[in-house]
Amino acid sequence: MSEATPVRTRFAPSPTGYLHVGGARTALYNWLYARAKGGTFVLRVEDTDAARNTAEACQAIFDGMNWLGLTWDEGPDAGGDYGPYFQSQRSEIYERYLTKLTDADLAYEDDGAIRFRVPDRDITVNDTVCGSQTVNLHQQGLTRWDEEKSENVAANPDLVIRRPDGSFIFHFVNVVDDIEMKISHVIRGMDHLTNTIKHIALFEALGATPPVFAHVPLNLNADGSKMSKRDQGAAVGDYRDNGFLPAAVNNYLALLGWSPKDDREVFSMEELVEAFDLPGINQSNSRFDYDKCLWMNAEHLKALPATAFAEAAMPFVEQAGLPVDDDRIDAALELVQPRIQVLSDAPKWISVIFADEIEVEAEAGAKVSSRDDADSVLEALSSSLAAVSDWNDDDIKAAIVEAAGGLGVKMVALMLPCRVAATGSASGADLIPMLRLIGREKVVARIDAFRQSL
RNA sequence: GACCCGUUCGUCUAGCGGUCUAGGACUCCGCCCUUUCACGGCGGCAACACGGGUUCAAGUCCCGUACGGGUCGCCA
């Protein structure tokens, strides 16, 4: 029977001006589940709080989801049979459902507002992640916690579903929309778990069968605090700007609160769809680990074909003002692909190839200049490299070996001085290919200049 | 305050009564590889919140405590 019910999941964000990673993960789980089950993923914008909802705020959500590749089958722009997909445009539907309630005497007016008559009986939610719990809302709602007084005060257990100004309350529209949009599975944050009892009461009062619920644990900062907009890694847009791959972010987010139950960690989107299922969702909150997210991105970067990597890196190269038409760009990118963690690192690593002048980092420079033989080492390097007629990797290496031989030291001893003098840094991409790309004249000139500065 | 959910290495997690002297991953450290820098390979440090039960046997089941999170709105 349930097999016959088509899977329809939804992500219902409220436009806040950015897509939060917590929201993105919820969206991902809904998307993944719909894809895995051959179902439909619906995007619905919960913009009933008109004051703070703007077109730009909505666009930020769409941009974030599009970047992640979490495309929706129904929703804004995509259309669908159950629109409109903005709650602000669905008042007529809500009025119709409200009439159902009032006609059945399940709602009544109270001081201009309208309240739903909460039933005085046990209601049970069977959550896929958290198990089942039973509550009598009527009895529990008799008192309520007063924040200012710090004590419980008498309360009306009946739920306000429409304000005196005619606007509807979240709990009501949320349920109505899920009924109207034929949502089969509600996958959302654990913060809604307790509210779900209210929702079920509403579903039942409206004569609808509640969907399957799966409340996923929350993501917190590394220190256990709540993630807010300013926190590192909180906004999806930052990942795009910092050179993360969407697949890597999805991969990391998927693993934060869900596990395939084996030792696999690096997944493509297709593999994620294949492996994802509701029982794999964990029950406890998790903390965001930016380092591991970086590692994940590096893994995805390394797995990219060289052309795809170059394509992904190019915007960052261009933004840094590097000569994108230079024929050494592709070779340079190939050199850094296995080494960088985020695409935005690429320009830093390769800019030294194209720069007219370089600045030697103080710490790196000191490592070389503090050596007694610094001057003779640099001189040997300079003259040896200057004499290379065919500037290729083998001959460059041979020249360094030769310089070392002349000084009676191993080649290894010259690598760091050479790197620092030619690139200005003690670390970076594979040195000999780097020297090749920089070019003989520049390499020699830089070594000489560094020697002068000693 | 009431109610709800949770608690395995610093972090993400595997574990669904014996195979756990608790496995994998990130981070950190060491070794190897190597022309440097990295990658990679190998190895190391590091956890069952606490207390009671149940059981021949508990990380795994039950109860309590502590801690963390959430909900109690005419916010979403």
Side-chain angles (χ1 to χ4, degrees), chain A residues 12-16 46-49 51-53 87 110-115 125 127 129-131 133-135 137 139-147 149-153 155 157 159-165 167-171 173-174 189-198 215 217-218 220 222 224 226 252 255-266 282-296 298 302 335-340 349 393 396-397 400-401 404 410-420 423 425-432 434-435:
Chain A
S14 159
T16 50
E46 307 215 326
D47 57 348
T48 50
D49 186 1
R52 73 173 194 224
N53 295 320
Q87 286 185 333
D110 176 26
D111 204 12
I114 294 179
R115 284 181 187 271
V125 53
D127 190 83
V129 176
C130 306
Q133 57 176 283
T134 301
V135 172
L137 279 176
Q139 289 173 10
Q140 193 181 282
L142 260 19
T143 62
R144 129 182 157 245
W145 179 246
D146 188 306
E147 204 62 57
K149 294 182 186 167
S150 256
E151 64 181 24
N152 286 317
V153 297
L159 203 63
V160 171
I161 55 177
R162 198 181 75 166
R163 303 182 187 89
D165 69 2
S167 62
F168 288 91
I169 297 294
F170 161 75
H171 297 107
V173 297
N174 192 271
M190 198 76 91
D191 48 344
H192 283 114
L193 181 60
T194 314
N195 284 331
T196 302
I197 296 285
K198 293 175 192 166
H215 287 90
L218 273 19
L220 308 171
K226 268 175 113 167
Y252 178 73
L255 257 23
L256 211 55
W258 167 82
S259 162
K261 305 301 179 192
D262 56 31
D263 289 341
R264 287 179 299 163
E265 296 219 81
V266 182
N282 298 120
Q283 296 165 301
S284 50
N285 293 347
S286 51
R287 297 178 180 208
F288 194 88
D289 185 349
Y290 199 74
D291 281 340
K292 185 148 189 180
C293 190
L294 281 173
W295 168 81
M296 183 65 81
K302 276 184 273 195
L335 230 42
V336 300
Q337 181 178 1
R339 294 155 189 262
I340 62 175
W349 285 53
D393 288 7
I396 293 170
K397 180 182 173 185
I400 299 175
V401 170
K410 284 186 173 177
M411 177 194 185
V412 186
L414 300 196
M415 293 303 277
L416 182 70
C418 187
R419 177 184 286 282
V420 171
T423 71
S425 173
S427 65
D430 202 6
L431 182 59
I432 290 175
M434 280 294 283
L435 296 177

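Residue numbers begin at 1 in each chain, while the letters A, B, ... track the order of the sequences.
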Just call it for [X]: base, sugar-phosphate, or nothing, with non-hydrogen atoms closer than 4.0 Å on any strand.
{"X": "Asn282(A)", "result": "sugar-phosphate"}
{"X": "Gly257(A)", "result": "sugar-phosphate"}
{"X": "Leu256(A)", "result": "sugar-phosphate"}

Nearest-0.5 Å distance that lies between atom CD1 in Ile432(A) and atom NZ in Lys397(A):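 Result: 6.5 Å between the selected atoms.
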Are OP1 or OP2 of [N] and a side-chain N or O of [X] less than 4.0 angstrom apart?
{"X": "Lys302(A)", "N": "rG40(B)", "result": "yes"}
{"X": "Lys261(A)", "N": "rG24(B)", "result": "no"}
{"X": "Asn285(A)", "N": "rG68(B)", "result": "no"}
{"X": "Arg163(A)", "N": "rC75(B)", "result": "yes"}
{"X": "Arg287(A)", "N": "rG10(B)", "result": "no"}
{"X": "Thr194(A)", "N": "rC3(B)", "result": "no"}
{"X": "Gln283(A)", "N": "rC5(B)", "result": "no"}

Ring-ring centroid check Phe288(A) Tyr252(A), cutoff 6.0 Å: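 Yes: the rings meet the under 6.0 Å criterion.
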Rounded interatomic separation in angstrom, taking [atom1] from [X] and [atom2] from [N]:
{"X": "Gln133(A)", "N": "rC3(B)", "atom1": "CD", "atom2": "C1'", "result": "9 Å"}
{"X": "His171(A)", "N": "rG73(B)", "atom1": "NE2", "atom2": "P", "result": "9 Å"}
{"X": "Asp110(A)", "N": "rC74(B)", "atom1": "CG", "atom2": "P", "result": "10 Å"}
{"X": "Leu255(A)", "N": "rG24(B)", "atom1": "CG", "atom2": "P", "result": "17 Å"}
{"X": "Trp349(A)", "N": "rC39(B)", "atom1": "CH2", "atom2": "P", "result": "8 Å"}
{"X": "Leu431(A)", "N": "rC39(B)", "atom1": "CG", "atom2": "C1'", "result": "16 Å"}
{"X": "Leu137(A)", "N": "rA2(B)", "atom1": "CG", "atom2": "P", "result": "19 Å"}
{"X": "Leu294(A)", "N": "rA25(B)", "atom1": "CG", "atom2": "C1'", "result": "15 Å"}

Please find the pair of heavy atoms, one from [X] and one from [Y], that lie closest to each other, and give the distance.
{"X": "Lys198(A)", "Y": "Leu137(A)", "value": "CA-CD1, 3.6 Å"}
{"X": "Trp349(A)", "Y": "Met434(A)", "value": "O-CE, 3.7 Å"}
{"X": "Arg162(A)", "Y": "Ile169(A)", "value": "N-CG1, 4.1 Å"}
{"X": "Pro217(A)", "Y": "Ser284(A)", "value": "CB-O, 3.2 Å"}
{"X": "Ile400(A)", "Y": "Met411(A)", "value": "CG2-CG, 3.8 Å"}

Check: Asp146(A) side chain, Glu151(A) main-chain N or O, donor-acceptor pair, under 3.5 Å: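 Flag not set: sc Asp146(A) to bb Glu151(A) has no pair under 3.5 Å.
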Can you tell which of [options] lies closest to the side chain of [X]?
{"X": "Thr48(A)", "options": "rA76(B), rC12(B), rA25(B)", "answer": "rA76(B)"}
{"X": "Cys130(A)", "options": "rC26(B), rU35(B), rC5(B)", "answer": "rC5(B)"}
{"X": "Ser259(A)", "options": "rG23(B), rA14(B), rG69(B)", "answer": "rA14(B)"}
{"X": "Met415(A)", "options": "rU35(B), rC5(B), rG70(B)", "answer": "rU35(B)"}
{"X": "Ile169(A)", "options": "rU35(B), rC75(B), rG23(B)", "answer": "rC75(B)"}
{"X": "Ser284(A)", "options": "rU35(B), rC74(B), rG6(B)", "answer": "rG6(B)"}
{"X": "Arg144(A)", "options": "rG73(B), rG70(B), rC5(B)", "answer": "rG73(B)"}

Pi stacking test for Trp145(A) and rA2(B): under 5.5 Å apart, planes under 30°: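 It does not: the ring fails the test against the base of rA2(B).
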When the [atom1] atoms of [M] and [N] are compared, how many Å lie between them, rounded to an integer?
{"N": "rG10(B)", "M": "rC28(B)", "atom1": "C1'", "answer": "10 Å"}
{"N": "rC50(B)", "M": "rC56(B)", "atom1": "C1'", "answer": "26 Å"}
{"N": "rA58(B)", "M": "rA2(B)", "atom1": "C1'", "answer": "33 Å"}
{"N": "rG64(B)", "M": "rG44(B)", "atom1": "P", "answer": "41 Å"}
{"N": "rC29(B)", "M": "rC72(B)", "atom1": "C1'", "answer": "49 Å"}
{"N": "rC4(B)", "M": "rU65(B)", "atom1": "P", "answer": "13 Å"}
{"N": "rA14(B)", "M": "rU8(B)", "atom1": "C1'", "answer": "10 Å"}
{"N": "rC42(B)", "M": "rG51(B)", "atom1": "P", "answer": "38 Å"}

Across all strands, who's sitting opposite [N] as a Watson-Crick or G-U wobble pair, both distances under 3.5 Å?
{"N": "rG64(B)", "value": "rC50(B)"}
{"N": "rC39(B)", "value": "none"}
{"N": "rA2(B)", "value": "rU71(B)"}
{"N": "rC16(B)", "value": "none"}
{"N": "rG59(B)", "value": "none"}
{"N": "rC33(B)", "value": "none"}
{"N": "rA25(B)", "value": "rU11(B)"}

Side-chain donor-acceptor contact under 3.5 Å, Arg163(A) with Ser167(A):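 There is such a pair (donor and acceptor under 3.5 Å, judged by atom type) between the side chains of Arg163(A) and Ser167(A).
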N/O donor-acceptor pair, side chain Asp191(A) with base rG70(B), under 3.5 angstrom: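 Side chain to base: no pair present.
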Polar pair under 3.5 Å, donor/acceptor by atom type, side chain Lys292(A), base rA25(B):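 Answer is yes: a donor-acceptor pair is held.
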Asp291(A) or Phe288(A), whichever maps to the more 5' nucleotide of RNA chain B: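 Going by which nucleotide is closer to the 5' end, it is Phe288(A).
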5′-ward residue of the pair Phe170(A)/Lys226(A) relative to RNA chain B: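 First, find each residue's nearest nucleotide; the 5'-ward one identifies Lys226(A).
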Glycosidic class, syn or anti, of rC45(B) using a 90° window around 0: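 It is anti.
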